[in-house]
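Notes to accompany the following structure.
These figures come from a predicted structure and were not determined experimentally. Count residues from 1 along the sequence.
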Amino acid sequence: MKNTIIILAALLSYVVALAQDIKPQIAVYITGGIKENDKKALNTEILHALVKSGRYTAVERSKEFLAAVDKEQKKQRSGAVDETQIRELGKQFDVTFICIADITKLSNEFQISTRIVNTETSAGPVITGKAYSKLKTGSDFEEASNKIIESMFGGRAETDDKIKPAELTSAEAYNDRAIEFANNGEFDKAIADFAEALRLDSYKAEYYVNRGVAYSRKKEYNKAIDDYNVAIKLMTLEGEINSNFLFIAYISRGTAYYRLEDYQLALEDFTKGIEFNRYDAEAFDSRGDAYRKLKNYDKAINDYETALRLNPNLARAKNNLEAVKQEKLTAKPPPPTMSEIWGVIYSPYIYTDPNAPYFQQNHGNVGGQSRLVERMFGSSSSASSASKTTKDSEEKKTRFGIRAAWSPDSDTDIPLIKAGIFMDIPFSNIISFVPEISYFYKGEESFDIRGYDTDHIYFSPAYGLSIPLMLKLSPVSFIYLTAGFNTDIVLGGDDYSCDYGDCPSFQEESLEDGRNVVNFGLVFGGGLLLGDHFLVDFRYVADLEDADYDGSYSHYELGLGWMFDDGSFAKNSEEKETRFGIKAAFSPDSKTAVPLIKGGLFMDIPFTNIISFNPEVSYYYDEGREISYEEENTKYNFYFSPAHGLSIPLMLKLSPVSFIYLTAGFNTDITLAGGESNYDGCESSSYYSCSNDEPDELEVSSINFGLVFGGGLLISNHFLMDFRYNPGLTDICDKCGSSSHFELGLGWMF
């Protein structure tokens with residue numbers, strides 16, 4: 001691991017605190033069998049060489065530190081101070097790194113073995129080196145120091161002797177130069193060199209961690225996380241676990257998640273990192289920050305106190321501890337669970353758990369009821385205290401969600417099944433705007449138009465879009481009410497026909513006038529938020545107009561939904577880049593004239609970190625099929641010849657979480673060749689004769705329009721699987737219906 005670990009240890013304090021580009025301080029300690037004056041001379045030369053290398057600055061209290069080490073040495077009977085004691089003394093004098101040089105006498109020269117240690121960790125040395133010298137003249141001391149620097153870092157102390165571009169022939173050389181660039185704040189150059197090192201050796205986990213640190217210091221946290229993910233996977237797969245690198249990788253990735261305000265993932269990574277190093281004060285301080293953001297104040301206090309036990313001089317932990325204790329005193333209690341509400345309201349004469357945090361053991365549960373009110377509204381002193389829930393709107397962020405609903409009322413012309421997406425946009429902490437768009441489907445219906453079994457009217461299955469725009473009131477955190485305006489747009493179906501004879505003219509006229517493609521109504525409802533994500537709701541849709549012969553579209557519906565984490569949409573769009581991909585799809589529906597097999601190209605163009613535009617163009621092939629329909633007791637047969645053409649969907653993509661996405665948009669199918677309709681005769685019934693004249697209106701459309709709705713899973717950073725439903729807006733021909741179909745696809749993003 002020569003040279004690769006230096007940036008990690010040198011930048012560890014930067015990774016955790018993301019401080020500015022300040023070179024770490026270092027001191028030198030010489031031990032071994034040479035004279036004291038020679039030790040001082042060698043100390044001066046090695047320190048000068050380290051500073052001259054551009055990697056460190058000399059510690060300001062170097063003489064005081066060395067004096068303390070000498071004093072400790074005199075206390076030891078062995079005459080030596082071990083590494084643990086040196087680390088502890090280094091902490092007292094704010095020395096982050098110490099270069100320890102052990103001098104061993106050989107036959108006619110000295111062996112100088114060096115190691116750089118980090119005083120804030122108990123891990124092994126950051127980097128080691130070795131040199132040999134007679135140590136007789138001043139030039140010997142200077143030459144020995146330069147050899148030590150060259151042994152440790154691959155280059156001499158003088159800046160003129162650093163690696164030159166023409167000399168870079170290995171992955172390690174590019175990595176070394178990248179470290180130089182990173183330590184000098186030239187992150188773009190460092191990232192380019194790390195990329196070249198990875199091109200030459202793509203299985204070197206350390207290079208991914210190094211580049212991740214550089215990305216983090218550029219505040220490109222998503223790119224940093226991608227590199228940390230690869231590094232952790234590589235290190236985990238290796239037979240020999242490097243605990244020091246895994247510690248740095250997890251702490252670094254946790255810091256990146258923290259900066260992206262994903263505090264739960266940050267907490268998980270800080271915890272994993274601490275498992276590999278339980279003696280790093282700043283790691284505990286960082287985990288305390290994550291607990292504090294998640295309002296787990298007790299665990300935050302515990303972590304800050306642990307950090308101060310490990311490093312009593314860590315000022316940041318001291319300040320955080322004082323602040324979080326104050327926050328805990330003024331914090332509002334968490335909302336009650338449903339079981340707690342049930343226990344308070346419906347079990348007033350049952351003894352409660354005396355150790356429960358919000359209830360007390362008494363008859364009537366008066367204390368529990370008082371505490372319940374306090375948790376729901378902030379105070380139990382008066383009804384007006386409910387106004388305390390109106391915190392500043394910046395404490396809530398816009399959230400996205402998905403919802404599915406079902407209406408059990410099958411006797412009216414309403415959406416029976418629907419599914420879609422919604423947003424929750426806060427105006428204040430209890431009032432928000434909720435726009436929604438859902439795809440609905442309903443089955444066929446029939447009505448007796450005369451009052452007895454003679455004539456019936458049938459409505460075919462229908463599908464379309466339902467668009468409610470609602471205001472949401474959340475008087476308590478887990479209960480909400482909704483009210484607003486609804487629009488249902490019928491995209492296909494809803495044709496009617498009469499059985500047992502033609503419809504009377506007056507009924508036919510009224511039915512034609514009553515069938516609306518667009519229907520307006522009002523929405524009223526409410527629901528429960530169970531936990532942070534899952535919701536159950538009820539709605540009544542009161543339509544403002546009649547939709548058909550049987551009356552209005554008014555109905556009620558039951559829904560289930562899932563809301564994604566706060567603020568996940570608000571990441572910077574520059575953190576995602578446009579990507580290209582290839583995709584193949586198959587439609588198993590062989591009864592309609594639709595593309596059966598298709599393959600093509602697509603783009604993913606980000607607008608924000610979770611919303612993107614997906615244009616696509618695919619070549620499709622339709623193998624041809626036989627079609628039949630009945631008209632006036634006569635069955636007509638014809639078939640479509642094989643066809644091929646282009647399918648062009650233009651979609652918006654919503655990725656509420658990194659591996660799940662939803663799509664919606666507009667589709668155009670263009671037939672380039674084939675797909676003709678060929679008449680194949682008819683079959684007569686017992687009532688009518690059959691004419692072999694080709695029926696009218698069988699001309700096949702070469703362009704078909706439709707909508708696209710679907711979703712998918714991103715299995716890895718590249719491989720995806722998806723499902724789409726394409727409701728057609730135009731008929732393939734007047735006798736054969738629309739181009740509606742569904743398809744299953746596989747894709748690869750570069």
Mutual orientation of the aromatic rings belonging to F270 and Y258 [parallel < 30°, tilted 30-60°, perpendicular > 60°]: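 Answer is tilted, since the angle falls between 30° and 60°.
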
Cation over ring face, K105 and F110, 6.0 Å, 45°: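 Yes.
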
Is a donor from one side chain sitting under 3.5 angstrom from an acceptor on the other, for [X] and [Y]?
X: N210; Y: N175; value: yes
X: Y132; Y: Q111; value: yes
X: S145; Y: E143; value: no

Where [X] and [Y] come nearest, the two heavy atoms and their spacing:
X: F247; Y: G273; result: CD1-O, 3.1 Å
X: I225; Y: L260; result: CD1-CD1, 3.7 Å
X: D201; Y: Y207; result: O-CD1, 4.0 Å
X: A317; Y: A307; result: CB-CB, 4.1 Å

Does some side-chain heavy atom of [Y] sit less than 4.5 Å from a side-chain heavy atom of [X]?
X: F719; Y: W748; value: yes
X: I148; Y: I112; value: yes
X: E268; Y: T271; value: no
X: I46; Y: C99; value: yes
X: Y208; Y: V213; value: no
X: Y174; Y: F194; value: no
X: T578; Y: P606; value: yes
X: E327; Y: R292; value: yes

Candidate pair K272 and E275, rule salt bridge (charged side-chain N to carboxylate O under 4.0 Å, His left out), full reasoning: CA-CA 5 Å; K272 289 176 182 176; E275 290 175 3; over 6 Å; no

Criterion salt bridge (charged side-chain N to carboxylate O under 4.0 Å, His left out) on R253 and D227, from CA distance to verdict: CA-CA 9 Å; R253 191 173 70 176; D227 276 349; over 6 Å; no

Is the number of heavy atoms from other residues, nucleotides or ligands under 6.0 Å of [X] [atom1] greater than 12?
X: K39; atom1: NZ; answer: yes
X: K218; atom1: NZ; answer: yes
X: K299; atom1: NZ; answer: no

Candidates R177, R211, R199 - the one meeting salt bridge (Lys or Arg N to Asp or Glu O under 4.0 Å) with D193: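 The residue from R177, R211, R199 that satisfies salt bridge (Lys or Arg N to Asp or Glu O under 4.0 Å) with D193 turns out to be R177.
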
Pairs touching residues 301-312 that satisfy side chain to side chain donor-acceptor pair (under 3.5 Å), sequence neighbours left out: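 Counting only pairs at least two positions apart or across chains, the side chain to side chain donor-acceptor pair (under 3.5 Å) contacts touching residues 301-312 are R287-D303, D289-Y304, T306-R309.
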
